[in-house]
Participant: 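Could you have a look at this structure, given as structure tokens, before my questions?
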2 protein chains.
Amino acid sequence: MSNAYNRPDQLSPELRRRVLDTARRLGYPGPDPVARSLRTRKAGAVGLLLTENLSYAFRDPAALGFLEGLALACEGAGQGLHLVPVNPEREDVAAVHRAGVDGFVVYSVPDDDPHLAAVLSRPVPTVVADQPIVDGVDRVGIDDRAAITRLAQHLITLGHRRVGVVCMRLARDRNDGFAAVDRQEAAHFHVQRARLAGIADAFGPAGVEWARIPVVERFDHTTASGASAAGQLLDSDPGLTAIIATSDILALGAITEARRRGLRVPQDLTVTGFDGIPEGERIGLTTVRQPVLEKGRAAGRLLLGTPDPTRPREVTLDTELVQGTTASTPRTTEERWFGP
Amino acid sequence: MSNAYNRPDQLSPELRRRVLDTARRLGYPGPDPVARSLRTRKAGAVGLLLTENLSYAFRDPAALGFLEGLALACEGAGQGLHLVPVNPEREDVAAVHRAGVDGFVVYSVPDDDPHLAAVLSRPVPTVVADQPIVDGVDRVGIDDRAAITRLAQHLITLGHRRVGVVCMRLARDRNDGFAAVDRQEAAHFHVQRARLAGIADAFGPAGVEWARIPVVERFDHTTASGASAAGQLLDSDPGLTAIIATSDILALGAITEARRRGLRVPQDLTVTGFDGIPEGERIGLTTVRQPVLEKGRAAGRLLLGTPDPTRPREVTLDTELVQGTTASTPRTTEERWFGP
DNA sequence: TGGACTGACCGTAACGGTTCAGAACCGCCG
DNA sequence: CGGCGGTTCTGAACCGTTACGGTCAGTCCA
């Protein structure tokens, strides 16, 4: 029976025809994929775990790029892509245990996320992306810290000293407001923690004490969040010459808010982002471009490729500083040159 | 054992603890999801079949909206979303047979697609979206024909008579060029066929013979395709006053091409789209807005909801004519009124 | 004291494929 | 005619779980 479907060479054409015939007559719908998976120990799919609602991934351009790259890799290997449903409110890990997959890709979840723990407890290969290193699992990412240091140094070169920072959520609990250093250092999102540290790396040597640079955190990753966070920064210190956002989405919101307040970008306020999303490119956002699609593809390849004996592998992709038109010398310097 | 994990009420806490303890000691990784699925006859996931490369879905805003809505519905029901890998070149249906899912959603594939046939041969519930009705499966969609008829009538009211049409692929074979009526009528993509018919419905009564309206087809659904198709139309008849595209993506490309030729939109050329994607809204594209997210959600609900005894169900969602700024009275009429 | 009842626990039979060993068969040669 | 190499076919074991029925001990009431 099985042979009739999958191994035509193992039996005579005549018997095969007869088997298939009676199968059809009996209404047999073909081999059951689940039973086959049980026996062969192959599900033919990789699971993807995202921290946010599944649908969030379809809104965030960076996540989307990652998804596209991963899908590309899966497609190439004939593997399905199983999106694991996660309800960030309820800590329901059952979905992770129920997913019939041959491996997991975990994208940007907090390091204390129970779903991540659940994935690691499953006896299947796992690749994490934009995450800190976990014991022995493969990892793909960029050097967030060094990348944003370069960007910050660029601002320092331009003359900025009074800057504010807008960042994404640092932990699973909602904290829409200022984030002190202790919260920053305890951050559970590796990417955000690294980016903040990278900014500090640049400003410290420039004589700006990091603890005095205001950092505003937002739980939701939307342009509206970026706008309100920028507003909060400017309210607390109208003398800021630059706002560094840890994502393009937040930066776009900050620009909107600046304009709303009658501030010209970059003449009155410099704004920078991180990611290099198309919307940012369109308006000439100064940012760090990271190869999101490549990242997804690398994650897929890492998972689906032959499991190298030199376990845990790590792929770090290159980034590029994009000097757009939203950063310039600060107003004060400018005024010094041209008068107020 | 099973009870220890899933039915704490079925055994004493003491025994449960002991079982779990020894399980851990033996390195038991928890119940195997595949075996569980085999036994319970539930995979906990729905399959999604798209005609294009998986990664295409992440580029096309309309598909993306559908995906988001579907993901939302799955999430709500705690179901995973299994994206079936399809290589449009090779007709490899195996992936459909290998997918361990409780049901399928089929989105906008040609009605003669072997993958669709493979899905229908599987003994699981199926919902098709933007497809013609298949025997006894649920369906969700819009009234493409009536919706675009309204749009076309709007153009007729404005005074347009010499129009050209840009449409997406009509069949699985590549045909980048004019599509005669016979090809239109034999189209395997229900949505495209319906939209062309809808345009004909409007222009026929207005005294414009449909067969004389040039229709240009493009295989790839990109703005570049829209641009080249518009170019082909304008080359063949520079006197066109309007271009009707069957999607916003194509319309955006057509606008780019018009501008490149020094034609102002809408003063020199009216361009309309279909879908109501954000990029179109931003530039004020005249189009038909369809609730793509709702469509995805409806598909998910149809599949996951209680299977109504009144089988095949059908959900038709409403559309809205968006009178943007890319359509106006045609140049010739204008000139008649104001002089050249 | 005995019978009915309750609750905890355990053994076993599917679920539906794949795989593999060995049976059956066939023709051929010594 | 027996043995042998080869192919085709059959049967049974196994994958890991859940559902179900049965055993057993303990409790309650007549």
Side-chain angles (χ1 to χ4, degrees), chain A residues 1-45 47 78-80 82 84 93-104 118-119 121-125, chain B residues 1-45 47 78-80 82 84 93-104 118-119 121-125:
Chain A
M1 170 60 111
S2 172
N3 288 338
Y5 277 87
N6 311 316
R7 297 276 199 63
D9 53 315
Q10 292 295 305
L11 68 179
S12 65
E14 200 281 336
L15 177 65
R16 177 177 148 87
R17 194 190 49 70
R18 234 177 53 224
V19 169
L20 261 40
D21 255 21
T22 49
R24 186 165 27 248
R25 197 159 41 71
L26 263 44
Y28 174 72
D32 180 308
V34 176
R36 181 209 304 263
S37 289
L38 173 62
R39 184 65 240 242
T40 61
R41 322 251 53 185
K42 297 230 160 315
Q79 299 289 300
H82 181 118
V84 178
V93 169
V96 173
H97 287 125
R98 267 213 313 266
V101 297
D102 298 325
F104 279 99
V119 165
S121 80
R122 293 264 315 254
V124 293
Chain B
M1 170 60 111
S2 170
N3 289 337
Y5 278 89
N6 311 316
R7 294 281 202 52
D9 54 313
Q10 292 295 305
L11 68 177
S12 65
E14 199 279 337
L15 177 67
R16 178 178 146 87
R17 194 190 48 71
R18 232 178 55 227
V19 168
L20 259 43
D21 255 21
T22 47
R24 188 166 24 249
R25 196 158 43 71
L26 264 47
Y28 173 72
D32 180 307
V34 176
R36 183 211 302 266
S37 288
L38 173 61
R39 181 67 239 238
T40 61
R41 323 249 50 185
K42 297 230 160 318
Q79 298 289 301
H82 181 118
V84 178
V93 168
V96 172
H97 287 125
R98 266 213 311 266
V101 296
D102 298 325
F104 279 100
V119 165
S121 80
R122 293 265 313 252
V124 293

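So that the names make sense, note that chain A is the first sequence line, chain B the second, and so on, each numbered from 1.
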Participant: Could you list where the contact with chain B starts and ends along DNA chain C, reading 5' to 3', using a 4.0 Å heavy-atom cut-off?
Facilitator: C/dC9 to C/dG16
Participant: Enumerate the salt bridge (charged side-chain N to carboxylate O under 4.0 Å, His left out) contacts for residues 29-39 of chain A, please, sequence neighbours excluded, ordered by first and then second residue.
Facilitator: A/Asp32-B/Arg41
Participant: Tell me the ring-ring contact (aromatic ring centres under 6.0 Å, His included) pairs involving residues 17-42 of chain A, sequence neighbours left out?
Facilitator: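 Listed by first then second residue: A/Tyr5-A/Tyr28.
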Participant: Indicate for each nucleotide in nucleotides 6-17 of chain D, in 5' to 3' sequence, whether protein heavy atoms under 4.0 Å reach the base (B), only the sugar-phosphate (S), or nothing (-).
Facilitator: ---S---BBBBB
Participant: Taking all non-hydrogen atoms of both residues into account, name the closest pair between A/Phe104 and A/Val84 and its distance.
Facilitator: CE2-CG2, 3.9 Å
Participant: So which atom in B/Ala4 and which in B/Val19 form the shortest heavy-atom distance, rounded to 0.1 Å?
Facilitator: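 Looking at all heavy atoms of both residues, the closest pair is CB-CG1, 3.7 Å.
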Participant: Taking C-beta and beyond as the side chain, do A/Val34 and B/Val34 meet within less than 4.5 Å on heavy atoms?
Facilitator: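 Result yes, sub-4.5 Å side-chain heavy-atom pair found.
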Participant: Taking B/Gly103's backbone N and O only, do any of them form a donor-acceptor pair with B/Arg122's side chain (distance below 3.5 Å, no angle check)?
Facilitator: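 Not at all, since once roles are kept as given, no pair shorter than 3.5 Å links the two residues.
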Participant: Check whether any side-chain heavy atom of B/Ser121 sits under 4.5 Å from a side-chain heavy atom of B/His97, and report yes or no.
Facilitator: yes
Participant: Would you please name every residue forming a salt bridge (Lys or Arg N to Asp or Glu O under 4.0 Å) with A/Arg18, sequence neighbours left out?
Facilitator: A/Glu14
Participant: Looking at B/Asp21 and B/Arg25, is there a salt bridge between them, counting it only when a charged N and a carboxylate O are closer than 4.0 Å?
Facilitator: no
Participant: Quick one: bend of the helix from C/dT1-D/dA30 to C/dG30-D/dC1 from 5 pairs per end, to 10°?
Facilitator: 70°
Participant: Where do B/Gly100 and B/Ala43 come nearest, in terms of heavy atoms and distance?
Facilitator: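 Looks like O-CB, 3.2 Å.
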